[in-house]
Structures are given as C-alpha cells and as structure tokens.
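The block underneath contains the structure these notes are about, expressed in structure tokens.
Numbers here simply count residues along the sequence, with the first being 1.
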Amino acid sequence: MDRNNSRRQLAAMKQSLFDQGHLDEQFIQLEELQDDANPNFVEEIVTLYYRDSSRLISSLEQTLHFCACGRERNPLDFNKLDTIMHQFKGSSSSIGAKKVKAESTLIREYCRTGNAEGCRKSFQQMKKEYVALRKRLENYFQLVRQAGPMERACRPK
C-alpha cells in the first residue's frame, strides 16, 4: 500500500473513531503533544492506559463479584466501587475514551443511588466499549506505523 493511500485510510479510520463516539477531543490534544523527539507518544500513552486500566477492571470485577457469590448475597461496597470507578474514569478521560468515560459516569451515578443491578449492567457495557476501543486503537496504531511519520496532528471534521 502506498504512503498516500495509507494516510487516507488512516484519516478515515481516525474520523470513524470520532464519528462513532469512541474518542473525544482529548485524543487530539494528545496527538498535538507528539513530536519528532517522541514520535510514538500517543501510542505509548494508550498502551500505558490499557496496562494500568486492566488492573482497575480486575478490581472492579472482584468488587462486583464479591457481593454476588456465596449462599448469602453480600452488600455491594458502593464506596469502594465508586473510588475505583473515579480512578478508571479519570484514566479513560485522559486518552479521550468517550464511550468508556460515559459508562464510567453512569456506574458512578448508580453507586451514588445504591443501584447494584445498574452498576453490574453498566459495568458489562463499559467492558464491551473498553474492548471495542482497544481493538480499534490497535488497528489504528498499526496503520500509523505503516503510514510512517506524519505532519502535525489534524482535527477530524
């Protein structure tokens, strides 16, 4: 694939991430911080996000699972869940993960109102959005590497 075709495909892929609501303006701001001294800055930040957030997701799963297992249902620790979600939402926001952040906000609202079932359902949806974005970004960064160095970041239309 020639370089111009790769760049067109890359621009279309990036635009679709915004059009479908996966990413927000924060992702563009990260791209604007990337320069010749650190040409893989955005990919490195996203990789760190997924490495760190997988630990948070495990903690969330343990917190949600703990209250649903055994003969007696233990009450969900909404404060613990909200604390973990606060951290996860902040991390997601820092890379522009719009749908993941939106589900995180919803889970935090369910924590505040004591809605355990809402927490569980939104957590499952959040995980779907998280995995979908990860796959899309992996494809995006693969194409970025194929396209080679780019000029400055450009905002989607």
Side-chain angles (χ1 to χ4, degrees), residues 1-65 81-113 115 117-157:
M1 179 179 324
D2 73 24
R3 183 172 259 185
N4 286 335
N5 191 27
S6 291
R7 291 196 176 167
R8 278 191 297 276
Q9 188 177 357
L10 184 62
M13 184 182 288
K14 180 176 166 181
Q15 185 64 48
S16 76
L17 287 166
F18 284 88
D19 291 347
Q20 295 171 12
H22 291 287
L23 294 175
D24 65 20
E25 183 70 21
Q26 181 61 35
F27 188 81
I28 297 296
Q29 291 177 10
L30 282 177
E31 286 188 323
E32 289 172 347
L33 295 173
Q34 188 164 286
D35 59 19
D36 293 338
N38 195 354
N40 301 319
F41 176 76
V42 178
E43 185 174 7
E44 290 169 8
I45 294 296
V46 170
T47 299
L48 287 171
Y49 163 75
Y50 277 102
R51 185 181 318 141
D52 293 343
S53 61
S54 65
R55 175 185 52 80
L56 293 172
I57 286 182
S58 291
S59 294
L60 290 165
E61 286 174 333
Q62 288 173 357
T63 302
L64 288 166
H65 176 72
L81 186 61
D82 187 56
T83 298
I84 299 168
M85 282 311 308
H86 176 72
Q87 187 176 359
F88 184 82
K89 180 183 171 191
S91 297
S92 300
S93 181
S94 72
I95 68 157
K98 186 176 181 178
K99 287 184 177 182
V100 174
K101 183 177 81 171
E103 286 299 324
S104 299
T105 299
L106 193 54
I107 294 168
R108 292 194 73 205
E109 285 301 315
Y110 286 136
C111 284
R112 288 185 187 104
T113 61
N115 184 340
E117 190 57 31
C119 287
R120 286 186 192 88
K121 286 182 179 179
S122 288
F123 177 71
Q124 293 307 315
Q125 183 61 36
M126 184 202 69
K127 279 190 356 182
K128 287 178 187 174
E129 297 297 347
Y130 174 87
V131 169
L133 179 60
R134 183 177 198 154
K135 288 177 184 173
R136 302 276 315 264
L137 287 174
E138 285 171 353
N139 292 336
Y140 175 76
F141 289 122
Q142 181 179 5
L143 194 55
V144 166
R145 289 188 297 275
Q146 289 173 359
M150 303 266 292
E151 296 79 39
R152 294 285 295 156
C154 56
R155 296 183 186 283
K157 297 174 183 165

Exercise. Of all residues at least two apart in sequence or in a different chain, which pass the side chain to side chain donor-acceptor pair (under 3.5 Å) check with S16?
Worked result: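 Partners of S16 under the side chain to side chain donor-acceptor pair (under 3.5 Å) test: R136.
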Exercise. Who passes side chain to side chain donor-acceptor pair (under 3.5 Å) against D82, sequence neighbours left out?
Worked result: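 Per chain and number, D82 pairs via side chain to side chain donor-acceptor pair (under 3.5 Å) with R108.
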[atom1]/[X] to [atom2]/[Y] distance, rounded to the nearest 0.5 angstrom?
X    : Y    : atom1 : atom2 : value
L137 : M13  : CG    : CE    : 10.0 Å
Y49  : L133 : OH    : CG    : 7.0 Å
F123 : L81  : CZ    : CG    : 8.5 Å
L23  : L30  : CG    : CG    : 10.0 Å
L33  : I45  : CG    : CD1   : 8.5 Å
E117 : Y110 : CD    : OH    : 10.0 Å

Residue pair [X] / [Y], side-chain heavy-atom distance below 4.5 Å:
X   : Y   : value
I28 : F18 : yes
L10 : K14 : no
T83 : Q87 : no
Q26 : I95 : no

Problem set entry | Where at least one partner belongs to residues 122-133, residue pairs that pass side-chain hydrogen bond (donor to acceptor under 3.5 Å, both in side chains), sequence neighbours excluded |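 Every side-chain hydrogen bond (donor to acceptor under 3.5 Å, both in side chains) pair that includes a residue of residues 122-133, provided the two are not neighbours, is S53-Y130, E61-K127, Q125-E129.
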For this session: Please list all pairs passing the side-chain hydrogen bond (donor to acceptor under 3.5 Å, both in side chains) test where one or both residues lie in residues 94-105, with sequence neighbours left out.
Result: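 For residues 94-105: K89-T105.
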For this session: For E44, check salt bridge (Lys or Arg N to Asp or Glu O under 4.0 Å) against everything at least two apart and list the hits.
Result: none
Exercise. How far apart are the C-alpha atoms of V100 and F88, what are their side-chain angles, what is the distance that settles it, and do they pass the side chain to side chain contact (heavy atoms under 4.5 Å, CB included) test?
Worked result: CA-CA 9 Å; V100 174; F88 184 82; 3.4 Å; yes
Exercise. Is E109 salt-bridged to R112, going by a charged N under 4.0 Å from an acidic O?
Worked result: yes
Problem set entry | Test side-chain contact (heavy atoms from CB on, under 4.5 Å) applied to Q142 - qualifying residues, sequence neighbours left out |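 Result, side-chain contact (heavy atoms from CB on, under 4.5 Å) vs Q142: N139, R145, Q146.
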For this session: Heavy atoms only: give me the nearest N40-Q34 pair and the separation to one decimal.
Result: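 That would be C-OE1, 3.7 Å.
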Problem set entry | P39 to D36 - nearest heavy-atom pair and separation |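 Minimum heavy-atom contact is CD-O, 3.4 Å.
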For this session: Could you please spell out the steps behind the side chain to side chain contact (heavy atoms under 4.5 Å, CB included) verdict for V144 and E43?
Result: CA-CA 9 Å; V144 166; E43 185 174 7; 5.9 Å; no
Problem set entry | ring-ring contact (aromatic ring centres under 6.0 Å, His included) involving F41 - partner list, sequence neighbours excluded |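 Partners of F41 under the ring-ring contact (aromatic ring centres under 6.0 Å, His included) test: none.
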Exercise. Which pairs, with at least one residue in residues 47-59 and sequence neighbours excluded, count as a salt bridge (charged side-chain N to carboxylate O under 4.0 Å, His left out)?
Worked result: none
